[in-house]
Structure formats: structure tokens, C-alpha cells
There are 2 protein chains.
Amino acid sequence: MTERRPYRRESEERRRDDLIAAALELVAEGGLRAATVRAIADRAGVTPGLIRHYFSSKEDLTRAAYRKLMDSMTADSAAVLQDAPTDPLARLARFVVASVSPPVVDPVAVGLWAGFVHDVRRDASMREVHSATYLAFRDKLQSLIADLPRQATAQQLRREAIACNGLIDGLWLEGSVLPESFEDGEIAAIALASVGAILGVNLTQAYDLERNIL
Amino acid sequence: MTERRPYRRESEERRRDDLIAAALELVAEGGLRAATVRAIADRAGVTPGLIRHYFSSKEDLTRAAYRKLMDSMTADSAAVLQDAPTDPLARLARFVVASVSPPVVDPVAVGLWAGFVHDVRRDASMREVHSATYLAFRDKLQSLIADLPRQATAQQLRREAIACNGLIDGLWLEGSVLPESFEDGEIAAIALASVGAILGVNLTQAYDLERNIL
DNA sequence: TTCTGAATTACACAAACGTATAACAGCCGG
DNA sequence: CCGGCTGTTATACGTTTGTGTAATTCAGAA
């Protein structure tokens, strides 16, 4: 007659969220390899069997976790523009800076992203999630660029958006993987100057101006 | 009396190289998870035990494979400048284009890189390999920029190199993960235009000019 | 040709993996 | 206060993992 572990019954939504959160933590720390059924259950404070009660397989949980990650990333970048200024230059400047600063730039996020790369390339449904998120971010960037007081063709707009998005991604990558190689604010300053150069506008000035007003 | 598998004795270098190559193939295909001792041995045409004869542990083999990957990447980028023109603008243009074109831009390479990210962050020796390779590439880029007929301070040079490197990395990433989202040569054209804009020079023209001469 | 030693195979082992199933216990409607 | 539904735990199974060790066989030296 051994003691049986006491437990609480939780709502399905709560349990699924907890399990997904636990899985993401583990993937961030040690890659998908570290996110075993037992480790996830332990982190979430339940026993392994419960996972299969809420997810038909470990792969199912993995997909759910990836969706959650991507959704929260898009939400973060969108939140920056919530109370943004009306001046197009200042809006773009703020968006750029936010994209290469914490919490977006974060070793954990890169680890998470890297952990899913292989599954994204293999699994069609995960690739779809990835593609949608990526294009949503780029489209938002492109709309911010289109609002600038300039003249530009559609093709030029597209290419500028791709370039700026690539620059942001690259700086996001480097800043996250090798954070000790850069001074505070250096990446943000570089991002502003470079995006401004690509677009032919002065983002640095726009950012500083709006900052001083506040 | 079962039949024992026949085999050939090979040099240590040959065997180590084969095992490393097999490990890299598997990591590229399915991440570190797929690179099991047995799978690597099978791919290399030997039995699993042999791996531990040449590598003290699987982790040891992993480190060796990562070093090999990074070394070959630096070698690839260096090879581009082997028979490069003398004009600084044309040299930089060629380097930029090569960095965002095959074989550098390659889904396999991104998969490989992503597969190692976690181990890079955890293991000090792997982080050192990563850091050295990254900085070597950026330094090369910075020296190419410094050769341009312009005036620039040391800090400005550093930041321009970081920006261009980030842009190249980002385009490398996007072009590799979502190759179907871009037309042929589009990424190269974007890279030339954007790097040129960041540095205040016309790289597109320099690239086309040198191309027409050949 | 024979001998020797090192490269290679073969086998074994404990731990950890994802999965399946049955037993328990918390909680809601009576 | 009490059944019964089901969320949850417990346990077990077959596979695969990395690793350790002994047996074998290839290739060069003598």
C-alpha cells in the first residue's frame, strides 16, 4: 500500500497551457532533445501519462508548442505599435529598435527557434505556421515602410522590406547568440542607421527626437 | 558459427573524416537527434563500436563535426576572393554575392547550423569555435569595407561591418529556410543594393561592370 | 611464410525513451 | 452525504540510446 501522489483536477485549457509552457522551457534550455515526455511532465508538475491524455502523441505536443511560440512572437512585435506615435518615421524607428532589443532579442528565443528548424522543414503543417508568421512580420514592416513620405514602386517596396527584415533577423541572431560581443544599445543604433540608409531616411534622428519629447 | 562481417583497415585520418562526414549528413537531415551512434556508423559503413575507438565519446565526435563544418564554411568564403579583381568595390561586391548564393545559401547548412546552436551555447569549447569563425568572417568583411575609397572612423567601420554581416546572415537565413519565396537572383540583388546603401557606394553597378568585362 | 598487434566487429548492459493500459481519487450532480 | 464520471497516477512493455568489453581478422614486420 504505497502512498499515491495527491493532485488537483484542472481545466483542459490550463493543463494544455502548462504542458506547452513546460515543453517550451525545456526546448529553450536544451533543444528538442531535452524535451522528453518525462521531463515535460516533471516541469509541469504532473506525471508523464497525463501528456498523452491531452495530446495524441509527443509530436502533437511539439506542434502545439511551436504554434504557441510563433503566436507570442508576433503578438510581441505587434504590441510595440499599440501606443505608437503617428509620425511614420518615428513609428518605423520604434518598430526597428524593438525588434532588435529584449525581449525579442533573447538567447532563449534563438534556442527555441533553432530547436524547431528541422521539424519545420520536415513537417508541412509546421512549415505553414512558420511561413505565415514570417510573412506577417515582413508585411507589417513593409506597410510601415510604405507609409514613409517617399515615392517607391511596388517592387522596390518589396525588396526594401526583404532587406530590412533580413537585417533585423541577422542582428537578432548575432545579438542573441553572442550577446557579450556588443555594447549596450550598439545593435539598436546599428539597426536604425542601417535601415535608414537602406530606405534613404534618417531614422536615428527620428528616434532620438521622439525619445526626447517623451 | 555465424559469418563475421569482412572489413578493411583504414588510416586513422580517413576513418575520422568518414565518421565526421556521416555525422554531418545526419545532423543536416534530421538534427542532432538523428545522429545516433548506430546511424552514424551505418552511414559510414562501419559498426558502432568503431566510433568509440576513434572518439572518446559521442560528444567528442559532435565537437569534431562542428569544427569541421565551421572550418569548411570559412574556407568557402575565403575561396571566393582567390582570383578576385583588384578593384575594392568589385571585390566587395563579389564577396557579398557569394555569401548569399549557393553553396553558402543552402537549406542543409542552415539545418546543420541550427542543430548545433544548443550545444554551442552549452559547451565552452564549441562556443569558442563558433565565436572565432564568426569574428573571422566579420573581420574579412570589415577589411574589404576598409579598402573602399572612402573616409571612415574605426567605430564607423566596425558598425558597418556588423550591419553588413547581419544583413548577409539574415538573407542567408531567409533564403535557406524559405527558398521558394524568392526569385532567382533576387536575394543577391537585394544584398548588393542594401550593402551599397549602408556603405554609401554603388555595389550593383560595380558588380555588373565587372561581370560584363569577363 | 608466419607472427604479432592494432583495427574492427560482435555482443552485452543499464538507462531512458515513447507508448499503452489499468487502477485510483478528486470533484460535480444528485 | 453519496455515486459516478473522468482527470490523474501508477506501472509495465518494447525499443533505442550511449557505453563497456571480449573476440576476431586484417595488414605490415620479420
Side-chain angles (χ1 to χ4, degrees), chain A residues 1-23 26-27 29-66 115-116 118-119 122-123, chain B residues 1-24 26-27 29-66 115-116 118-119 122-123 126:
Chain A
M1 299 316 179
T2 64
E3 289 292 305
R4 196 183 175 92
R5 163 208 273 222
Y7 62 91
R8 281 190 49 196
R9 295 165 89 98
E10 299 284 356
S11 71
E12 172 173 353
E13 187 186 357
R14 170 68 184 275
R15 274 280 130 91
R16 291 181 72 98
D17 284 354
D18 284 353
L19 289 171
I20 288 174
L26 288 164
V27 172
E29 294 171 13
L32 267 174
R33 182 181 25 176
T36 67
V37 171
R38 287 168 178 81
I40 295 170
D42 194 54
R43 180 72 60 109
V46 297
T47 51
L50 192 61
I51 289 183
R52 303 258 345 221
H53 185 260
Y54 286 108
F55 299 94
S56 65
S57 69
K58 193 205 168 187
E59 195 185 350
D60 188 23
L61 169 56
T62 297
R63 270 194 295 267
Y66 185 66
F116 283 113
H118 285 101
D119 292 61
R122 204 192 333 277
D123 187 288
Chain B
M1 299 316 179
T2 64
E3 289 292 305
R4 195 184 176 92
R5 163 208 273 223
Y7 63 92
R8 280 191 50 193
R9 294 167 88 100
E10 299 285 356
S11 71
E12 173 172 352
E13 188 187 355
R14 168 67 185 276
R15 272 282 130 91
R16 292 181 74 97
D17 285 354
D18 284 354
L19 288 171
I20 288 174
L24 286 177
L26 288 165
V27 172
E29 294 172 12
L32 267 175
R33 180 180 27 176
T36 67
V37 171
R38 286 166 178 81
I40 294 171
D42 193 54
R43 180 72 59 109
V46 298
T47 51
L50 192 61
I51 289 182
R52 305 254 346 214
H53 185 261
Y54 286 108
F55 300 93
S56 66
S57 69
K58 194 207 168 186
E59 195 184 349
D60 189 22
L61 169 57
T62 296
R63 272 194 294 266
Y66 186 66
F116 283 113
H118 286 101
D119 292 61
R122 201 191 336 275
D123 187 286
M126 290 190 77

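Because only heavy atoms are used, hydrogens play no part in the values below, and waters and symmetry mates are left out as well, while side chains stay in. Below, chains carry the letters A, B, ... as their sequence lines are ordered, and counting in each starts from 1.
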Electrostatic pair A:Arg14:A:Asp18 at N-O distance under 4.0 angstrom
yes
State, with a plain yes or no, whether a side-chain heavy atom of B:Val27 is found less than 4.5 Å away from one of B:Phe116.
yes
Without decimals, in angstroms, what is the distance between B:His53 NE2 and C:dT8 C1'?
8 Å
Roughly, in whole Å, what's the span from CG in A:Leu61 to P in C:dG18?
10 Å
Starting at atom CD1 of A:Ile51, determine the distance to atom C1' of C:dT21, rounded to an integer number of angstrom.
17 Å
Rounded to whole Å, please give me the gap between CG in A:Asp42 and C1' in D:dT8.
15 Å
Of B:Arg8 and B:Arg38, whose closest DNA chain C nucleotide lies nearer the 5' terminus?
B:Arg8
Quickly work out the A:Leu19 CG to D:dG7 P distance and round it to whole Å.
14 Å
Describe the nucleic acid contact of A:Thr47 in one word from base, sugar-phosphate, nothing, applying a heavy-atom distance below 4.0 Å.
base
Nearest-nucleotide check on DNA chain D, B:Glu59 vs B:Arg5; residue mapping nearer the 5' end is B:Glu59
Any side-chain N or O of B:Arg4 less than 4.0 Å from the OP1 or OP2 oxygen of D:dC26?
no
For A:Arg43 and A:Ala22, the nearest pair of non-hydrogen atoms, with its separation, is CG-CB, 3.6 Å
Smallest heavy-atom separation, A:Ala41 atom then A:Ile51 atom, equals N-CD1, 3.9 Å
Scan B:Glu12 against the nucleic acid and name what it touches under 4.0 Å (heavy atoms): base, sugar-phosphate only, or nothing.
nothing
At under 4.0 Å between heavy atoms, what does A:Tyr54 touch on the DNA or RNA strands: base, sugar-phosphate, or nothing?
sugar-phosphate
B:Leu50 CG to C:dT8 P, straight-line distance once rounded to whole Å:
5 Å
Whole angstrom is fine here: how far is it from CZ in B:Arg14 over to P in C:dT8?
11 Å
Reckon B:Arg52 has a side-chain N or O less than 4.0 Å from the OP1 or OP2 of D:dG20?
yes
C:dT8, D:dT9, D:dT19: which one has an atom nearest the side-chain heavy atoms of B:Lys58?
D:dT19
Can you tell me the distance, in whole Å, between the CG atom of B:Leu26 and the C1' atom of D:dT17?
15 Å
Where B:Leu32 and A:Arg33 come nearest, the two heavy atoms and their spacing
CD1-NH2, 4.1 Å
So, does the side chain of B:Arg9 form a donor-acceptor pair with the base of C:dA6 at under 3.5 Å?
yes
